[in-house]
Amino acid sequence: MKIASWNVNSLRVRLPHLLDWLKAAEPDVVGIQETKCVDEQFPFAELEAAGYFAAHNGQKTYNGVALLARQPLTEVCRDMECFADEQRRVIAATVGGVRVVNVYVVNGQAVGSEKYDYKLRWLAGLRQYLGEELQKYPKLAVTGDYNIAPAPEDTHDPAVWEGGILCSEPERAAFRALLDLGLKDSFRLFEQPAASFTWWDYRQAAFRRNMGLRIDHILASDALAAACTGVRVHLEPRRLERPSDHAPVVSEFTV
DNA sequence: ATGGTTGAAGATCAA
């Protein structure tokens, strides 16, 4: 089973890229972030024609998350019961015996800001929620835009990023607290190329210069991580005209 | 030189 995560930065704009990529990469499950549309605007018909079932947790203008799968999605949940939130940032479903939680973590804007406090509260809620999910579902994958670069090597230039938003110690501690539940950062189960990133700012030709961060992750429970055979960032969609600022990440499992 | 780009909304905000 290939499980992917991709922040598309507007699904309506990026649908052609998504459909082309689904055909080329053939993922079994895809967690999508920043659909930026309401459920009525979600392209269910186009995705069904491409061979995918879909579930969406939509919001006008901002946020919005979806799960796509080649098998039916069951037990779909759109809320963390332990953390009330008006922003649509979570969707979970069961696919082929694997529980998949897809998240769009709060960006946080700047360390010390009101949004940063919300980010840390939100991550504490996510930790509680994932703990509960792990009790119910031993085989758990958590796809998402975490808006956290876990370590200095996940940034193109630690001198620029260390201590700032996406790279501050409280954010990294919150990320480690998720791993402490019994989850693995699947990307780091394998040897990886140096300077592997998943997001590059649209400005300053950042992608061409590989000035990126690794902030999109697929966490796997220990039971699922044991079945992981490889993880890779797909750079091709980021090279297209009018791309998302994020590239998809794909983890492969023998389940 | 406190810059730059994109998306959605709507004449600004979030990322």
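A tilted orientation is assigned to the rings of A:Tyr146 and A:His217, their planes being inclined by 30° to 60°. Using cut-offs of 30° and 60° for the angle between ring planes, the A:Phe83 and A:Tyr118 rings count as parallel.
Distances shown here put every side-chain N or O of A:Arg242 at or beyond 4.0 Å from the OP1 or OP2 atom of B:dT5. The phosphate of B:dT6 (OP1 or OP2) has no side-chain N or O of A:Arg14 nearer than 4.0 angstrom.
Under a 4.0 Å N-O distance rule, the pair A:Asp79/A:Arg88 qualifies as a salt bridge. Look at A:Glu169 and A:Arg176 and you find a salt bridge, because one of the NZ, NE, NH1 or NH2 atoms lies within 4.0 Å of a carboxylate O, short of that distance.
Regarding A:Gln59, its CD atom lies at a distance of 14 Å from the C1' atom of B:dA9, rounded to whole Å. What separates CE of A:Met211 from P of B:dT5 is a distance of 13 Å, to the nearest Å.
Judged as a side-chain contact (heavy atoms from CB on, under 4.5 Å), and not counting sequence neighbours, the contacts of A:Glu26 are A:Arg70. Qualifying side-chain contact (heavy atoms from CB on, under 4.5 Å) partners for A:Leu235, counting only residues two or more places apart in sequence or in other chains: A:Trp200, A:Phe207, A:Val233, A:Arg239.
Across B:dA14 and B:dA9, the matching C1' atoms stand 12 Å from one another, rounded to whole Å. B:dA1 sits 32 Å from B:dA11 when the P atoms are compared, rounded to a whole Å.
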Under 3.5 Å, which protein N or O atoms sit close to an N or O of nucleotides 13-15 of chain B? Give each pair with its distance.
unit_1, atom_1, unit_2, atom_2, d
B:dA14, OP2, A:Lys115, NZ, 3.3
B:dA14, O5', A:Lys115, NZ, 3.4

